[in-house]
Undergrad: 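Quick one: the structure is below, and I'll ask about it shortly.
Sequential numbering from 1 along the given sequence is applied to the chain's residues. When a ligand or atom number is given, it counts from 1 through the structure's own listing order.
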Amino acid sequence: MSFPVDFLWGGATAANQVEGAWNVDGRGPALTDVTTGGTVDAPRLITAIDKDGRHFTLTRGEKLPEGARYAVLDEYYYPNHNGVDEYHRYAEDIALFAEMGFRTYRMSISWSRLFPRGDEKEPNKEGVEHYRKVFEELRKYNIEPLVTIWHFDTPLYLEEHYGGWNNRQLIDFYVRFATTCFTEYKGLVKYWLTFNEINNTIMFFGPKQDRSNAGYTAAYQQLHYQFVASAKAVQIGHAIDPENMIGCMICGITNYPATCDPKDILANRHTWEKNIFYCGDVQCFGAYPTYAERLWKEHNVELDITEEDLVDLMNGTVDMYTFSYYMSSLVTTHKVKDMVSGNFSSGARNEYLTYSDWGWALDPDGLQYYLEMIYDRYQIPVMVVENGLGAYDTVEEDGSIHDDYRIDYYRKHIAAMEKAIDNGVDCIGYTTWGCIDLVSAGTGELRKRYGFIYVDVDDEGKGTYARSRKDSFFWYRNVIATNGEDLG
Ligand code: BG6
């Protein structure tokens with residue numbers, strides 16, 4: 001049997017995408033609360049008011065002009081405000097996860113629920129108590145919580161008043177938040193991830209962003225502050241409870257050269273370095289890699305890095321490497337005739353693969369490749385903490401949902417993971433993304449569904465929010481019950 005007996009089967013979500021209750025019990029806003037819905041072609045918009053009171057919008061990564069402020073505007077709908085109402089329905093949802101046999105549930109703690117502005121000295125008690133109840137509920141069913149401390153949700157106040165992660169002070173605010181989590185939930189939570197998809201800052205450095213040397217410097221600087229914040233959190237987490245197992249979390253895209261032109265092979269290697277290894281190396285090895293100098297030189301990047309930071313990085317290496325995996329991507333120096341473009345994905349089309357309705361390359365072999373590559377490099381436990389298929393689901397007249405495409409996707413990816421384990425990779429867990437339908441991070445849609453559990457709500461927030469079991473629910477339950485032996 002390939003899967004270890006204590007393999008952590010489960011599912012994953014993020015606070016801002018499921019909870020809703022955006023302004024309830026003292027929670028402060030995050031950027032997602034001023035972000036509208038979008039589609040595969042139309043980007044989500046961030047709403048704001050300029051210094052003369054005029055309403056306007058920005059796209060992700062665009063800078064807020066001088067004197068303007070982010071604002072919730074009446075003329076827009078904000079899908080994250082309601083999410084799938086998990087804040088109020090967590091007990092019902094956890095009971096469903098337990099019914100599937102989950103051994104772990106990956107979730108995140110909303111920073112602004114604990115620290116509404118982000119710079120307070122003391123946490124919001126109601127926020128702290130909310131998550132305590134959630135963790136206790138999970139423990140009731142022997143479900144091990146796996147907690148992401150930061151999942152794209154820096155408090156809006158810190159974005160507006162401190163310039164977000166451009167500001168070194170964010171390290172201290174984050175460390176206070178993380179310390180609160182480790183202290184309050186000691187004994188309830190043991191698996192932690194410091195930053196979700198930390199490499200996105202560099203990997204998805206979008207066309208709307210400032211692509212001057214200053215823009216690149218800012219991106220690398222933000223990352224550096226996050227690396228230091230993560231390393232400090234790891235040290236504190238270990239000091240508070242030596243049982244804590246703390247991981248990095250990387251957006252894992254498997255890159256392949258599009259041709260056998262040596263120039264493409266080299267470009268592919270450099271893509272791995274910039275997009276994938278840069279963050280993993282710092283967080284797992286505790287120091288910047290040799291090629292970092294090359295990357296910085298490309299854009300004349302000069303960073304604020306202190307001696308103390310370097311000591312922190314070295315002392316705060318992670319215990320496990322975790323990553324999300326959705327797709328592979330082709331790298332080429334040649335002109336591309338057939339381009340794919342979807343949210344979060346673009347580039348040359350791989351003729352050997354098929355693509356999701358959102359343009360994501362479906363590639364289970366890429367998961368095996370990634371697992372083997374990463375374990376070979378770091379030799380620490382790894383976990384696949386996101387993998388899933390965003391798809392349109394149809395509810396039949398009798399209420400059933402036959403999502404065989406999702407089952408097929410999981411069957412192939414789990415089999416690929418199994419091969420990597422057979423080849424020696426110490427993979428300790430697998431949490432599917434969006435085990436319950438949720439608001440898409442990329443497009444803000446609800447109809448881009450990932451769940452085993454269907455939620456009756458549409459892109460405008462209309463619906464009963466009632467939960468129901470898709471075919472994949474029963475399939476995954478059997479996978480867990482047989483510890484991955486029967487993939488049906
Ligand atoms: C990852 C994120 O990028 O992919 C999740 O960690 C996100 O927050 C997931 O939801 C799937 O992306 P999307 O755009 O389909 O929600």
Side-chain angles (χ1 to χ4, degrees), residues 10-19 30-33 35-44 59-61 79-80 83-84 86 105-111 146-154 193-206 226 247-254 275-276 279 322-329 341-346 355-362 366-367 370 383-393 405-406 409-410 413 430-451 455 457 459:
T13 63
N16 72 82
Q17 293 173 256
V18 287
E19 283 181 357
L31 200 59
T32 42
D33 297 310
T35 307
T36 67
T39 66
V40 63
D41 312 307
R44 303 186 72 177
T59 50
R60 215 186 294 244
N80 300 76
V84 291
E86 211 242 9
Y105 173 51
R106 174 176 176 233
M107 53 177 277
S108 75
I109 295 181
S110 155
W111 187 346
L146 163 60
V147 175
T148 319
I149 298 173
W150 180 92
H151 196 121
F152 305 154
D153 60 355
T154 305
L193 307 178
T194 54
F195 283 88
N196 184 66
E197 295 189 339
I198 193 167
N199 53 327
N200 284 4
T201 310
I202 291 296
M203 187 155 70
F204 297 123
F205 199 62
Q226 294 189 340
C248 61
M249 198 299 202
I250 306 290
C251 177
I253 291 182
T254 300
N275 289 357
I276 309 293
C279 295
T322 84
F323 66 101
S324 58
Y325 178 79
Y326 294 94
M327 65 186 115
S328 59
S329 174
S341 74
N343 71 303
F344 287 156
S345 73
S346 62
Y355 287 78
S356 82
D357 290 331
W358 279 263
W360 295 17
L362 306 175
L367 175 59
Y370 196 94
M383 210 193 284
V384 184
V385 295
E386 284 186 33
N387 177 229
L389 179 69
Y392 299 105
D393 287 335
Y405 36 90
R406 188 167 290 110
Y409 175 97
Y410 280 126
H413 283 80
Y430 177 73
T431 56
T432 66
W433 179 249
C435 44
I436 179 164
D437 289 347
L438 40 63
V439 176
S440 156
T443 66
E445 291 166 295
L446 256 143
R447 64 182 152 176
K448 186 181 187 186
R449 294 180 181 275
Y450 282 92
V455 181
V457 58
D459 288 349

Undergrad: Answer with side chain, backbone, both or neither: which part of N196 has a heavy atom less than 4.0 angstrom from an atom of ligand 1?
TA: side chain

Undergrad: Among W433, Y450, Y405, which one satisfies side chain to side chain contact (heavy atoms under 4.5 Å, CB included) with L389?
TA: Y405

Undergrad: Just wondering, do S108 and F152 contact through their side chains at under 4.5 Å, heavy atoms?
TA: no

Undergrad: Counting each atom of ligand 1 from 1 as listed, which ones have a heavy atom of S440 under 4.0 Å away?
TA: 13 (P), 14 (O), 15 (O), 16 (O)

Undergrad: Enumerate the atoms of ligand 1 whose separation from the nearest heavy atom of E197 is less than 4.0 angstrom.
TA: 1 (C), 2 (C), 3 (O), 6 (O)

Undergrad: Is there a heavy atom in Y325 that sits closer than 4.0 Å to ligand 1?
TA: no

Undergrad: Counting only heavy atoms, which portion of F204 has something under 4.0 Å from ligand 1: side chain, backbone, both, or neither?
TA: neither

Undergrad: Any N or O on Y450 sitting closer than 3.5 Å to an N or O of ligand 1?
TA: yes

Undergrad: Examine ligand 1 and decide if any of its atoms is less than 4.0 Å from a heavy atom belonging to W358.
TA: no

Undergrad: May I ask whether H151 has any heavy atom positioned less than 4.0 angstrom from an atom of ligand 1?
TA: yes

Undergrad: Check K448 against G390 and note the closest heavy-atom contact, atom names and distance.
TA: CG-CA, 3.9 Å

Undergrad: Counting distance only, does the side-chain N/O of N80 pair as donor-acceptor with the main-chain N or O of D33 below 3.5 Å?
TA: no

Undergrad: Tell me whether Y105 contacts the main-chain N or O of T13 through its side chain, where contact means a donor paired with an acceptor under 3.5 Å.
TA: no

Undergrad: Would you mind running through ligand 1 and noting each atom that sits below 4.0 Å from a heavy atom of Y326?
TA: 4 (O), 9 (C), 11 (C)

Undergrad: Please confirm whether the backbone N or O of R449 pairs with a side-chain atom of R406, one donor and one acceptor, at under 3.5 Å?
TA: yes

Undergrad: Identify, by atom number and element, the atoms of ligand 1 in contact range of A441, meaning under 4.0 Å from any of its heavy atoms.
TA: 7 (C), 8 (O), 10 (O), 13 (P), 14 (O), 16 (O)

Undergrad: Show the atoms of ligand 1 that are less than 4.0 angstrom away from any heavy atom in G442.
TA: 13 (P), 14 (O), 16 (O)

Undergrad: Is the closest side-chain heavy-atom distance between L367 and V384 below 4.5 Å?
TA: yes

Undergrad: Residues in side-chain hydrogen bond (donor to acceptor under 3.5 Å, both in side chains) with T194, at least two apart?
TA: S230

Undergrad: Under 4.0 Å from a heavy atom of K448: give me the atoms of ligand 1 that qualify, with their elements.
TA: 13 (P), 14 (O), 15 (O)

